[in-house]
Structures are given as C-alpha cells and as structure tokens.
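Predicted model, so just to flag it, every value in this text is computed and none were measured.
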Amino acid sequence: MATLLRKIGLIRLHNRDTEDPKHHHHRSSQQGSSLRGRGGPKNGSNKPQPQGPPGGGCSSSSSESSPGGRKTKKAPEPAKQPQPPRSGGGREKPREAAREPGAGREAAPQRPGSSSGPGSAPLVPLASGSGPLAPAGRQQHCTQVRTRRLMKELQDIARLSDRFISVELVDESLFDWNVKLHQVDKDSVLWQDMKETNTEYILLNLTFPDNFPFSPPFMRVLSPRLENGYVLDGGAICMELLTPRGWSSAYTVEAVMRQFAASLVKGQGRICRKAGKSKKSFSRKEAEATFKSLVKTHEKYGWVTPPVSDG
C-alpha cells in the first residue's frame with residue numbers, strides 16, 4: 001500500500017514538472033484575477049503599466065528610440081493633434097498672421113483725406129463735422145451776426161433822447177439805411193446855413209457789407225449838396241474810420257455820425273448856394289470812385305489833417 005501511494009505521488013510530481021509552463025502561468029493568472037475582483041485589470045495581464053516620461057507627449061504602445069539610444073515605453077494617452085513643425089528655432093505664433101493688417105482679408109477702403117500712419121497726410125475736416133464752416137454755413141453765420149448787430153443799433157438809436165439822428169430803411173432792407181442828421185454845432189456856420197435855407201437835416205446813406213461789423217459801412221451824403229467839410233465829389237466822405245484800416249467793430253452808427261458832424265464843423269462845411277450847382281444831386285457811382293481814390297492816396301502818404309483854410 002505504501003508503495004502504491006509513493007508511485008501515485010511520483011506520477012503527480014512528474015505531471016507537474018512536464019506541464020506546459022504557459023498553461024500553468026495562465027491558470028495561475030486566472031486564479032489571481034478572480035481573487036482580486038472587479039478592481040483589477042480586465043485584460044488578464046498582471047504586469048504593471050509602464051509610466052511615461054515626465055511632461056508626457058504623444059504616446060504609443062510600441063517602443064521608440066530616444067536620442068540617447070535607449071528604448072522608452074510610453075503610457076497610453078488620448079491621441080493629440082500633431083503640432084506644426086517649428087522653424088527658425090523660435091516659438092511660432094499661429095495667430096500672428098491674422099492680427100497683421102491685410103492678412104487673410106482685404107484692406108478696407110480708406111475715406112478720402114484719412115490718415116493711416118506716421119508720415120501720412122493730415123486729416124481734412126469735412127464740411128459737416130466740427131471743422132471749418134462750409135461757404136454756405138459761413139455766409140449764414142455772417143448774416144446772423146450782421147442782423148443781430150443792426151437790430152441792436154436801431155433800438156439804441158430809437159432810444160436817443162436828443163433826437164440827434166433818425167433812421168429810415170431803404171425798401172425795408174435792414175442793410176440799407178437812410179440816416180438823417182438833425183443837429184450840428186449851433187455855433188458853426190453850417191448850422192446858420194441850415195437855418196437860412198430851411199434845411200431840417202443832412203441826409204446820408206449807409207450800406208452795410210456782408211461781414212459787418214468787422215468791415216465798415218459805405219457812407220455818403222445825399223442832400224443837401226455840401227462844400228468842404230471833408231465831403232468830396234459824389235458825396236464821398238474823407239474819414240479814416242470809414243476805411244478798412246481805420247475801422248473797428250466796436251464803432252456804432254451813432255458814434256460814426258457824431259464823428260461826421262464834428263468833421264463837418266472842423267472842415268468848415270457849407271451848404272452850396274451856387275446857381276445850378278446846388279441843384280445837382282450826388283451819385284453813388286461817383287461817390288464810390290472818389291472814395292476808392294482817396295483811400296489809395298492816404299494809404300500812400302498817410303492820414304493827415306489838412307489846414308482848416310484848405311477845407
């Protein structure tokens with residue numbers, strides 16, 4: 001009996017020694033996996049997964065050669081998009097081209113007069129913007145300034161207590177006035193002439209240019225026909241303050257008329273009583289030509305006050 005049991009043990013040892021090692025390994029692996037339960041790997045392999053190098057990269061189940069000749073196994077990772085090759089040794093900026101003006105799209109057409117960078121022409125302000133006024137707008141602005149000024153002048157003259165002057169509009173135009181000078185120095189010979197000829201006033205015409213009060217009005221005598229007193233042919237008046245050089249926007253119509261009344265007396269102005277000549281009226285065309293000539297003369301030689309004897 002003992003001999004029989006010994007033979008059976010030898011046979012089992014022989015079978016174990018002659019058994020396929022792979023089959024033995026597979027069977028032992030199954031037993032180990034059943035012991036580990038659900039937490040173990042499902043692929044039946046009990047080998048630990050190799051970890052990739054720090055910093056990770058594209059990984060593969062096959063071995064790759066490293067620059068040092070060593071083979072390194074990389075852990076499986078989700079596949080990533082391949083990066084574009086780097087050129088020039090620097091970091092590539094894929095969005096840089098899109099940021100550059102004109103890259104990937106057409107450049108927008110520039111507005112006339114616009115500036116695109118240093119050295120380009122300065123911006124030209126448009127007529128409708130905050131820039132200089134267009135001709136039509138400038139004309140409208142000048143008209144408004146002139147209208148407001150002349151309305152104020154009319155109101156001030158109407159409030160004069162001494163009735164020194166009065167105003168009548170020519171054809172209801174605010175820019176064309178007939179001004180009546182009712183008073184001069186009562187000690188003057190001109191005042192005596194007015195009394196003797198029953199002349200109640202000296203009539204003058206004032207026309208105001210578009211840029212009044214920054215330019216002087218054109219002023220001339222209409223009636224009666226005067227001699228001396230700085231009144232020239234056509235009724236033109238020789239006064240420096242009526243020229244562009246002597247004018248100031250601060251001058252009012254009342255102030256100009258008072259200066260004219262003083263110059264009449266200073267220049268020994270008289271009412272013309274010569275037969276035939278006194279009936280001839282002054283003309284605007286003659287007055288404009290005379291005034292233009294005297295302005296050129298005084299610009300050349302200066303404005304001087306002639307002796308009283310010269311008128």
Single-linkage hydrophobic cluster [X]~[Y], side-chain heavy atoms < 4.5 angstrom:
X: Val221; Y: Val170; value: no
X: Leu206; Y: Leu174; value: yes
X: Leu169; Y: Leu160; value: yes
X: Val179; Y: Met151; value: yes
X: Leu232; Y: Leu241; value: yes

Hey, are the side chains of [X] and [Y] touching, using non-hydrogen atoms and a 4.5 Å cut-off?
X: Phe260; Y: Val184; value: no
X: Asp210; Y: Thr143; value: no
X: Asp156; Y: Thr252; value: no
X: Phe175; Y: Thr147; value: yes
X: Glu200; Y: Met194; value: no

*asked:* Quick one, Arg258 with Asp162, criterion salt bridge (charged side-chain N to carboxylate O under 4.0 Å, His left out). Give me CA distance, side-chain angles, the key distance, then yes/no.
replied: CA-CA 12 Å; Arg258 292 189 184 277; Asp162 57 356; 3.1 Å; yes
I need the minimum non-hydrogen distance between [X] and [Y], along with the two atoms involved.
X: Thr290; Y: Asp233; answer: OG1-O, 3.2 Å
X: Gly267; Y: Asn228; answer: O-CB, 3.5 Å
X: Cys238; Y: His298; answer: SG-NE2, 3.4 Å
X: Gly234; Y: Ala287; answer: O-CB, 3.1 Å
X: Gln183; Y: Arg163; answer: NE2-O, 3.9 Å
X: Val253; Y: Glu153; answer: N-OE1, 3.2 Å

Using a 3.5 Å distance criterion without hydrogens, assess whether the side chain of [X] forms a donor-acceptor pair with backbone atoms of [Y].
X: Ser249; Y: Pro213; answer: no
X: Ser293; Y: Ala289; answer: no
X: Thr199; Y: Tyr201; answer: no
X: Ser215; Y: Phe212; answer: no

Nearest 0.5 Å, what's the [atom1]-[atom2] distance between [X] and [Y]?
X: Thr243; Y: Leu294; atom1: OG1; atom2: CG; answer: 9.0 Å
X: Lys296; Y: Phe291; atom1: NZ; atom2: CZ; answer: 13.0 Å
X: Tyr251; Y: Leu242; atom1: OH; atom2: CG; answer: 10.0 Å
X: Glu227; Y: Lys274; atom1: CD; atom2: NZ; answer: 5.0 Å
X: Trp247; Y: Glu240; atom1: CH2; atom2: CD; answer: 13.0 Å
X: Ile202; Y: Ile165; atom1: CD1; atom2: CD1; answer: 13.0 Å

_Stepwise side chain to side chain contact (heavy atoms under 4.5 Å, CB included) test for Arg270 and Leu226_ = CA-CA 6 Å; Arg270 302 291 301 269; Leu226 300 177; over 6 Å; no
*Step through it carefully: locate the ring centre of Trp177, locate the ring centre of Phe208, and say whether they are under 6.0 Å apart.*
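Yes - the distance between ring centres of Trp177 and Phe208 falls below the 6.0 Å cut-off.
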*Is Arg220 close enough and on-axis enough to Phe282, meaning under 6.0 Å and within 45°, for cation-pi?*
no
Taking [atom1] in [X] as the centre, count heavy atoms belonging to other residues, nucleotides or ligands within less than 6.0 Å. Is the count above 12?
X: Glu196; atom1: CD; answer: yes
X: Phe218; atom1: CZ; answer: yes
X: Gln155; atom1: CD; answer: yes

_Between Met239 and Gln259, does the side chain to side chain contact (heavy atoms under 4.5 Å, CB included) criterion hold? Intermediate values first, please._
CA-CA 9 Å; Met239 288 176 59; Gln259 181 65 28; 3.4 Å; yes
*Test Asn205 against Arg284 for side chain to side chain contact (heavy atoms under 4.5 Å, CB included), laying out the working first.*
CA-CA 9 Å; Asn205 178 258; Arg284 181 183 181 90; 3.6 Å; yes
*Could you point out which residue of Leu181, Leu222, Asn178 forms a side chain to side chain contact (heavy atoms under 4.5 Å, CB included) with Leu204?*
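Running side chain to side chain contact (heavy atoms under 4.5 Å, CB included) over Leu181, Leu222, Asn178 with Leu204 returns exactly one hit, Leu181.
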*Run the numbers on Asp193 and Arg273 for side chain to side chain contact (heavy atoms under 4.5 Å, CB included), then give the verdict.*
CA-CA 10 Å; Asp193 288 347; Arg273 299 185 185 186; 3.1 Å; yes
